[in-house]
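Keep in mind that the numbers below use all heavy atoms, side chains included, and drop hydrogens, waters and symmetry copies. If you read the sequence from its start, that first residue is 1, and numbering goes on from there.
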Amino acid sequence: MGVAAQKVNQNLPNSGFMNPLVSVLLGTVFLKEKLNKAQMLAIVFACAGVMWVTFKQGEFPALGLTLALSFGFYGLVRKMAPLGSLEGLTLETAFAFPVALLATFYFAGNGDLTFVHGTSWDKFWLIMAGPITTIPLILFAYGLKQVPYSTVGFIQYLSPTMVFFIGLFFFGEELQVDRLIGFILIWAGVLIFVGENFFRSHSGYRTEFNQLSK
């Protein structure tokens, strides 16, 4: 979800905020992950926030839902695959290489190959695009193996939240009341989910909190 590509605050319920919910759903359906009452309450709040802003926008977010489903299933396949993070990314790159090679020849034939005709700054960022995209993908694939997929989903709320605040404070985008309500509902769900994991991981609170969650 790029700030330059779209107005962040006008597209709150897009793939960035839908993808965590898709991840939780896929983890529950395909991986048989169990959710306690606190986690289910967190999902209700997050769903309510996304649905509220979607309703206020007055249009079905087809593009956002499509992107959320595609990345959600991508993460599911990576979690279920027996390959390690580096091996899996190598296999992905091997599949994408022929398409990238054909695109390179196509743009070169039209004189539009940026690496040849672009500025030094363009070439620098093209080179840096490799590690900038590869390292997060390797870490993402590694993290998928360590925690439940539903937890991965809620962690992914960090990304759209960062973009949200960048759009608000650095690009001066207007924040309407309707979207603020949706944002508050979503982060209420995130705080419940994070709080549940925090209390469950601390032995001093575990027994009491588990009794409240059952």
Side-chain angles (χ1 to χ4, degrees), residues 1-2 5 12-47 49-50 61 63-100 128-166 186-202 206 209-210 213:
M1 186 172 68
L12 180 61
N14 60 11
S15 61
F17 283 95
M18 288 183 176
N19 187 57
L21 299 178
V22 171
S23 298
V24 172
L25 176 63
L26 294 178
T28 304
V29 174
F30 292 97
L31 302 177
K32 309 302 180 183
E33 296 178 355
K34 303 296 183 181
L35 300 174
N36 58 37
K37 291 183 178 180
Q39 292 171 332
M40 292 175 63
L41 180 63
I43 294 172
V44 169
F45 271 95
C47 285
V50 173
L63 178 59
L65 183 59
T66 301
L67 292 173
L69 287 172
S70 63
F71 194 78
F73 275 102
Y74 165 79
L76 178 66
V77 171
R78 289 306 309 267
K79 183 170 180 63
M80 298 177 65
L83 296 175
S85 56
L86 184 58
E87 295 84 353
L89 185 60
T90 302
L91 183 61
E92 291 177 31
T93 305
F95 279 114
F97 177 75
V99 179
M128 291 301 297
I132 287 174
T133 56
T134 300
I135 294 174
L137 283 173
I138 293 175
L139 295 176
F140 174 73
Y142 176 79
L144 282 173
K145 304 289 186 180
Q146 311 304 315
V147 296
Y149 198 37
S150 56
T151 301
V152 173
F154 268 84
I155 291 174
Q156 290 172 352
Y157 271 122
L158 287 174
S159 176
T161 299
M162 291 172 61
V163 176
F164 177 86
F165 283 113
I166 289 174
I186 290 171
W187 262 97
V190 173
L191 290 176
I192 293 173
F193 195 92
V194 171
E196 188 276 336
N197 278 273
F198 173 80
F199 286 117
R200 184 157 44 88
S201 64
H202 288 69
R206 187 174 301 169
F209 195 84
N210 284 343
S213 300

Contact between Gln156 and Val152 at the side-chain level, heavy atoms closer than 4.5 Å - yes or no?
yes
Could you grab the distance from atom CG of Leu139 to atom OG of Ser85, nearest 0.5 Å is fine?
8.0 Å
Compare all side-chain heavy atoms of Leu158 with those of Val190 and state whether any distance is below 4.5 angstrom.
no
Strictly distance-based, threshold 3.5 Å: is any side-chain N or O of Lys79 a donor or acceptor partner for the main-chain N or O of Pro148?
no
Minimum heavy-atom separation for Arg78 and Gly88, please, with both atom names.
NH2-CA, 3.6 Å
So do the side chains of Asn19 and Leu67 get within less than 4.5 Å of each other, counting heavy atoms only?
no
Trace of the side chain to side chain contact (heavy atoms under 4.5 Å, CB included) decision for Leu69 with Met18:
CA-CA 9 Å; Leu69 287 172; Met18 288 183 176; over 6 Å; no
Measure the OG1-CD distance between Thr151 and Glu196 for me, rounded to the nearest 0.5 Å.
8.5 Å
Tell me whether the count of non-hydrogen atoms from other residues, nucleotides or ligands lying under 6.0 Å of CZ in Phe45 goes above 12.
no
If I compare all heavy atoms of Gly189 with all of Ala42, which pair ends up nearest, and what's the gap?
O-CB, 3.1 Å
With the side chain counted from C-beta on, respond yes when Val24 and Glu33 share a heavy-atom pair under 4.5 Å apart, and no when they do not.
no
Could you state the interatomic distance from CG (Leu89) to OG1 (Thr133), rounded to the nearest 0.5 Å?
8.5 Å
Which heavy atom of Met80 sits nearest to which heavy atom of Leu31, and what is that distance?
CG-CD2, 3.7 Å
For Phe193 and Ile43, run side chain to side chain contact (heavy atoms under 4.5 Å, CB included): C-alpha distance rounded to whole Å, both residues' side-chain angles, the deciding distance at 0.1 Å, then the answer.
CA-CA 8 Å; Phe193 195 92; Ile43 294 172; 5.5 Å; no
Measuring from Ile186:CD1 to Thr161:OG1, what's the distance to the nearest 0.5 Å?
8.0 Å
Are any non-hydrogen side-chain atoms of Tyr149 and Leu26 less than 4.5 angstrom apart?
yes
Could you tell me whether the side chain of Phe140 reaches within less than 4.5 Å of the side chain of Tyr74, counting heavy atoms only?
yes
Gln146 side chain to Gly143 backbone, donor-acceptor under 3.5 Å:
no
Against Leu41, only a single residue in Ile192, Leu35, Asn36 fulfils side chain to side chain contact (heavy atoms under 4.5 Å, CB included); can you say which?
Ile192
Answer whether the closest heavy-atom distance between the side chains of Leu21 and Cys47 falls below 4.5 Å.
yes
Can you find a pair of side-chain heavy atoms, one from Tyr142 and one from Ile138, that are under 4.5 Å apart?
no
Contact summary for Pro136 and Pro131, nearest pair of heavy atoms
CD-O, 3.8 Å
Partner residues of Ser23 under the side chain to side chain donor-acceptor pair (under 3.5 Å) criterion, sequence neighbours left out:
none
